[in-house]
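What you see below is based on every heavy atom in this structure, not just the backbone, and it leaves out hydrogens, waters and symmetry mates.
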Amino acid sequence: MKIVVLAGGLSTERDVSLATGSMVSAALRRKGHKALLLDVYMGYGKAGDDLTNIFEAASKSAVQISGVPETAPDLAKVKAMREDQSDCFFGPNVITLCQMADIVFLALHGENGEDGRIQAAFDLFGIRYTGSNYLSSAIAMNKRLSKHFFAEHNIPTPQGISMKKTERIKNFSETKLSLPCIVKPCCGGSSVGISIIHTPQEYEAALNEAFCLEDEVILEEYIKGREFSVAVILSKALPVIEIAPLEGFYDYKNKYKAGSTIETCPANLPSDIAEQIQHYAVAAAKALGLDTYCRVDFMLSEQGQIFCLEANTLPGMTPTSLLPQEARAIGIEFEDLCERLIQISLQNYQ
């Protein structure tokens, strides 16, 4: 098949997305597909270029990747690199190339990629893509909406509140939450902008950091315990994976710096607890309408309570990412996983 692997973009997870896209496109080429890695923001060439044989030379036109840095990218510098300096999110020839492909593998993470906007645009352009539809993607990306859906379907989730920048609560005591507390952007990913506050004095700085990224933030109770994740493919849960940072919590640095986190799959859990987490993962995917694949994150408190944190509609897809590790635990290698995600997504168009 002719496949565009769409990555990059302008979210704080741009570098992670490019790493995912590079790995996925290479894997699909090894499976015999003509996979073109494309940066959705930078595009390819210039408007009016001859694209006739672009998929035949896909490997030569791939985006160059240098790994995931320990800090999120400077998006102002990224914008300055674009040659045509257009305000359009889609770079030159992106829509045309995606229309030429049999399907687009969405290797995007974060804003625009996971929030349903690109999915909605592709629906209008008649472009087929991997993953869930625009509405489910939008709901899952918004942590405030997700928590409402979890509560409606009896899926335990940490207690919390949301706050708009224009309705900022200046004093922590007025939030009626206890310390320690989590402060995080409502729609962010890769733990960018997340703070754990232990004192009222840390509250203002945490809000400032989160509000620099978005106009809405979530404050929720801090769950002390162990962190887990479960991938769900076609309403079936994969094995539970445990995530144990050597220092601090599972922030951006610990997610992408080699050797900073111990990941164990299958997780060392009593079978009844593992099965309950898997049950909630499937229930969360169903509640949000995520009908192809996703990954759902959990905390297990020191008292043995399970809490669903959020769902990721386009989880990381490097061989060492969580979803591929879970798939490998049941005998599905990375190349086969990439191809399988395409096949189940194509079923939505039959």
Side-chain angles (χ1 to χ4, degrees), residues 114 131-132 136-137 139-141 143 145-160 182 189 191 220-245 249-250 254-255 261-317 319-334 336-338 340-341 343-345 347:
E114 287 189 87
S132 296
S136 298
S137 299
I139 293 171
M141 187 69 177
K143 295 178 178 64
L145 290 177
S146 293
K147 290 173 82 69
H148 284 306
F149 277 78
F150 294 157
E152 285 291 322
H153 290 80
N154 299 312
I155 300 165
T157 190
Q159 295 296 311
I182 299 287
S191 299
E220 66 182 17
E221 63 176 321
Y222 172 70
I223 307 299
K224 187 177 181 181
R226 299 163 67 188
E227 186 166 357
F228 302 91
S229 192
V230 182
V232 179
I233 300 178
L234 286 180
S235 299
K236 182 178 180 180
L238 271 60
V240 180
I241 187 169
E242 180 169 9
I243 308 146
F249 69 102
Y250 198 45
N254 281 329
K255 285 184 178 184
T261 300
I262 298 173
E263 295 157 354
T264 307
C265 187
N268 183 16
L269 282 169
S271 59
D272 59 329
I273 298 296
E275 289 170 5
Q276 189 65 46
I277 293 175
Q278 289 176 308
H279 166 77
Y280 282 136
V282 173
K286 184 177 180 180
L288 299 174
L290 305 175
D291 56 1
T292 51
Y293 67 96
C294 66
R295 200 194 74 231
V296 188
D297 298 336
F298 294 89
M299 289 297 300
L300 179 66
S301 74
E302 292 179 330
Q303 293 73 38
Q305 294 175 284
I306 298 169
F307 293 90
C308 182
L309 302 179
E310 63 181 87
N312 301 272
T313 58
L314 295 175
M317 280 292 294
T320 56
S321 295
L322 302 181
L323 169 54
Q325 288 189 64
E326 292 178 61
R328 192 176 302 114
I330 57 172
I332 303 175
E333 294 301 322
F334 185 70
D336 296 324
L337 174 63
C338 293
R340 184 178 181 189
L341 296 182
Q343 294 298 334
I344 64 174
S345 297
Q347 293 175 14

**Q** To check you understand the geometry: which heavy-atom pair defines the closest contact between L290 and S137, and what is its length?
**A** CD2-N, 4.5 Å
**Q** Just verifying a value: how many Å separate F298 CZ and I155 CD1, rounded to the nearest 0.5 Å?
**A** 7.5 Å
**Q** How would you list, by chain and number, every residue that makes a side-chain hydrogen bond (donor to acceptor under 3.5 Å, both in side chains) with S345, sequence neighbours excluded?
**A** none
**Q** Enter the distance from I277:CD1 to I241:CD1 here, rounded to the nearest 0.5 Å.
**A** 12.5 Å
**Q** Would you indicate whether the side-chain heavy atoms of C308 and Y280 approach each other to under 4.5 Å?
**A** no
**Q** Taking all atoms of both residues into account, what is the closest heavy-atom pair of E220 and L309, and its distance?
**A** OE2-CD2, 4.4 Å
**Q** With a 4.5 Å cut-off on side-chain heavy atoms, are I223 and Q305 touching?
**A** no
**Q** Tell me which pairs pass side-chain hydrogen bond (donor to acceptor under 3.5 Å, both in side chains) where either residue lies in residues 149-160, with sequence neighbours left out.
**A** K147-T157
**Q** Working to the nearest 0.5 angstrom, can you tell me the gap between T292 OG1 and Q343 CD?
**A** 13.5 Å
**Q** Looking only at heavy atoms, which two atoms of R295 and L323 are closest? And how far apart?
**A** CD-N, 4.4 Å
**Q** Do you know which two heavy atoms are closest between L238 and Q278, and how far apart they sit?
**A** O-NE2, 3.0 Å
**Q** Kindly compute the distance separating NE2 (H279) from CG (D272), expressed to the nearest 0.5 Å.
**A** 13.5 Å
**Q** Nearest 0.5 Å please: distance from the CD atom of Q303 over to the CG atom of L300.
**A** 9.5 Å
**Q** Identify the heavy atoms of S146 and I139 that sit nearest to each other, and give their distance.
**A** OG-O, 3.1 Å
**Q** Go through it in stages, so that I can follow the logic: the residues are E242 and E263, the test is side-chain contact (heavy atoms from CB on, under 4.5 Å), and I'd like the CA-CA distance, side-chain angles, deciding distance and then a yes or no.
**A** CA-CA 6 Å; E242 180 169 9; E263 295 157 354; over 6 Å; no
**Q** Heavy atoms, side chains only, cut-off 4.5 Å: are S136 and D291 in contact?
**A** no
**Q** Test V232 against K286 for side-chain contact (heavy atoms from CB on, under 4.5 Å), laying out the working first.
**A** CA-CA 10 Å; V232 179; K286 184 177 180 180; over 6 Å; no
**Q** Can you check whether P266 reaches V240 side chain to side chain, under 4.5 Å on heavy atoms?
**A** no
**Q** Does F149, at its CZ atom, have more than 12 non-hydrogen atoms belonging to other residues, nucleotides or ligands within less than 6.0 Å?
**A** no
**Q** Taking all non-hydrogen atoms of both residues into account, name the closest pair between D297 and N312 and its distance.
**A** OD2-ND2, 3.1 Å
**Q** Find the distance between CD1 (I243) and CD (Q325) and round it off to the nearest 0.5 Å.
**A** 9.5 Å
**Q** Do P315 and L322 have side-chain heavy atoms sitting under 4.5 Å apart?
**A** no
**Q** Side chains of T313 and E114: is there a donor and an acceptor less than 3.5 Å apart?
**A** yes
**Q** State whether the number of non-hydrogen atoms from other residues, nucleotides or ligands found under 6.0 Å of R340 atom CZ is greater than 12.
**A** no
